[in-house]
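Following: one structure in structure tokens, then a few remarks.
Only heavy atoms go into these numbers, but all of them, side chains included; no hydrogens, no water, no symmetry mates.
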Amino acid sequence: MIPAKRQTEIINLLLQRGIVTTIELASLLDVSPMTIRRDIRVLEEQGRVVAVSGGAQLAGRLFKEPSHLDKSALHTPEKSAIGALAASMISPNMVVYLDAGTTVLEIAHHLVNRSDLTIVTNDFVTAAFIAKETRCQLWHTGGMVERENQSCIGSAAADIIRRFNFDLAFISTSSFDQRGVSTPSESKVAVKQAIADSAQRRVLVSDSSKYGMFSTFCALPLGRLTDVVSDSALAQNARDVITQQGVQLHLSTSIESNEREVSP
């Protein structure tokens with residue numbers, strides 16, 4: 001069986017089952033596990049599947065981002081641990097960008113009583129917390145308001161972002177894969193690109209459930225990031241994809257276990 005036909009068969013099996021192991025695929029298609037792994041790698045590069053430990057699953061398309069309220073109830077322990085680890089990267093007197101989102105809000109929670117930072121954000125909830133709980137210099141981007149996510153997006157927000165030189169920028173997402181950060185909203189692309197253009201260090205903060213998801217618009221290629229902060233449930237293939245791009249990977253365990261793991 002030629003590779004293209006075999007890869008089509010793999011997709012058909014995944015459509016039926018959702019997830020299939022490498023050993024199962026090798027047996028069903030009468031080829032070696034190494035051949036199947038090569039096929040999965042090709043399909044993953046095409047954005048059609050996501051390699052998981054011992055097998056593959058279909059890539060998931062995100063058509064609409066959850067609201068701020070909905071996101072606040074999802075993966076709370078992971079986000080708390082990610083926020084603590086990300087906050088430890090912030091040195092005194094830095095100029096820091098905090099992107100919109102509940103994971104980035106967890107970073108803000110670790111800045112209570114700080115007064116030495118200049119913080120810029122497009123998120124209303126994060127801005128309110130920083131204004132109340134810290135004495136840092138605070139800027140909000142303004143721009144077109146996205147009510148469901150309590151933030152500002154679009155070219156006006158991007159223009160303000162580009163006025164700053166950030167030492168460190170924390171970038172959020174609801175979907176990323178081997179190709180990079182994606183979004184269902186075209187108006188968010190300009191904001192993500194402005195952040196990346198203006199920051200010396202560009203850190204994606206995202207729990208592992210977001211990996212393997214993709215959406216309509218590519219906001220940032222994976223290689224434009226300098227770091228990714230996620231949790232220890234991130235699959236090995238995802239870890240390999242990130243580090244092979246030269247991106248520093250930092251993995252945190254849930255705060256419930258009071259442990260931290262960092263992968264250089």
Is atom CD of Gln244 surrounded by more than 12 heavy atoms (other residues, nucleotides or ligands) closer than 6.0 Å?
yes
For Glu186, look at atom CD and say whether over 12 heavy atoms of other residues, nucleotides or ligands are found less than 6.0 Å away.
no
Can you measure from CZ (Arg6) to CG (Leu28) and round to the nearest 0.5 angstrom?
13.5 Å
Is it the case that Ser175 and Ser215 place a side-chain donor and acceptor less than 3.5 Å from each other?
no
Within the structure provided, determine whether Ile161 and Val191 are in side-chain contact (heavy-atom separation under 4.5 Å).
yes
Is the Lys NZ or Arg CZ of Arg201 less than 6.0 Å from the centre of Phe166's six-membered ring, within 45° of the axis?
no
Quick one: list whatever passes salt bridge (Lys or Arg N to Asp or Glu O under 4.0 Å) with Asp167, sequence neighbours left out.
none
Tell me, which pairs form a salt bridge (Lys or Arg N to Asp or Glu O under 4.0 Å) where one or both residues lie in residues 106-119, sequence neighbours left out?
Arg114-Asp116
Any Lys79 side-chain heavy atom under 4.5 Å of Asp207 side chain
yes
Test side-chain contact (heavy atoms from CB on, under 4.5 Å) on Ser206 and Phe176 and set out the steps.
CA-CA 9 Å; Ser206 176; Phe176 76 111; 3.4 Å; yes
Just wondering, do Thr134 and Cys136 contact through their side chains at under 4.5 Å, heavy atoms?
yes
Decide yes or no for Leu111 and Ile130: does some side-chain heavy atom of the first lie under 4.5 Å from some side-chain heavy atom of the second?
yes
Look at the rings of Phe124 and His140 and say which category their plane angle falls in: under 30° parallel, 30 to 60° tilted, over 60° perpendicular.
parallel
Have Lys210 and Ser174 got a donor and an acceptor in their side chains that come within less than 3.5 Å?
no
Return the set of residues passing salt bridge (Lys or Arg N to Asp or Glu O under 4.0 Å) with Asp99 (not counting sequence neighbours), or none when no residue passes.
Lys192
Using side-chain contact (heavy atoms from CB on, under 4.5 Å), reason through Thr141 and Cys152 one step at a time and then give a plain yes or no.
CA-CA 7 Å; Thr141 64; Cys152 286; 4.0 Å; yes
With hydrophobic residues grouped by side-chain heavy-atom distances under 4.5 Å, do Ile195 and Phe217 end up in a single group?
no
Can you find a heavy atom in the side chain of Val203 that is under 4.5 Å from one in the side chain of Val205?
yes
Just by distance, with hydrogens left out, do Ser151 and Asn122 show a side-chain donor and acceptor under 3.5 Å apart?
no
Could you tell me the separation between the OG1 atom of Thr226 and the CG atom of Leu168, rounded to the nearest 0.5 Å?
7.5 Å
Does a sphere of radius 6.0 Å around CG in Asn165 hold more than 12 heavy atoms from other residues, nucleotides or ligands, not counting ones at 6.0 Å or beyond?
no
Rounded to the nearest 0.5 angstrom, the OG1-CD distance for Thr118 and Gln137 is 4.0 Å
Look at the side-chain heavy atoms of Ile, Leu, Val, Met, Phe, Trp and Tyr, link any pair under 4.5 Å apart, and say whether Leu220 and Leu204 land in one connected group.
yes
Are side-chain heavy atoms of Glu133 and His109 found at a separation under 4.5 Å?
no
Consider only side-chain N and O atoms of Gln193 and Asp197, and report whether a donor and an acceptor are under 3.5 Å apart.
no
Please step through side-chain contact (heavy atoms from CB on, under 4.5 Å) for the pair Ile36 and Ile10, ending with a clear verdict.
CA-CA 9 Å; Ile36 293 298; Ile10 292 172; 4.2 Å; yes
Would a line drawn from the ring center of Phe164 to the ring center of Tyr97 be shorter than 6.0 Å?
no
Counting C-beta onward and ignoring hydrogens, is there a side-chain heavy-atom pair between Val125 and Leu105 closer than 4.5 Å?
yes
Stepwise side-chain contact (heavy atoms from CB on, under 4.5 Å) check, Arg202 with Ile171
CA-CA 7 Å; Arg202 303 166 295 280; Ile171 301 170; 4.2 Å; yes
Got a second to check how far Ser88's OG is from Ile107's CD1, nearest 0.5 Å?
10.0 Å
Do Asp177 and Met213 make a side-chain contact, defined as non-hydrogen atoms from C-beta onward lying under 4.5 Å apart?
no
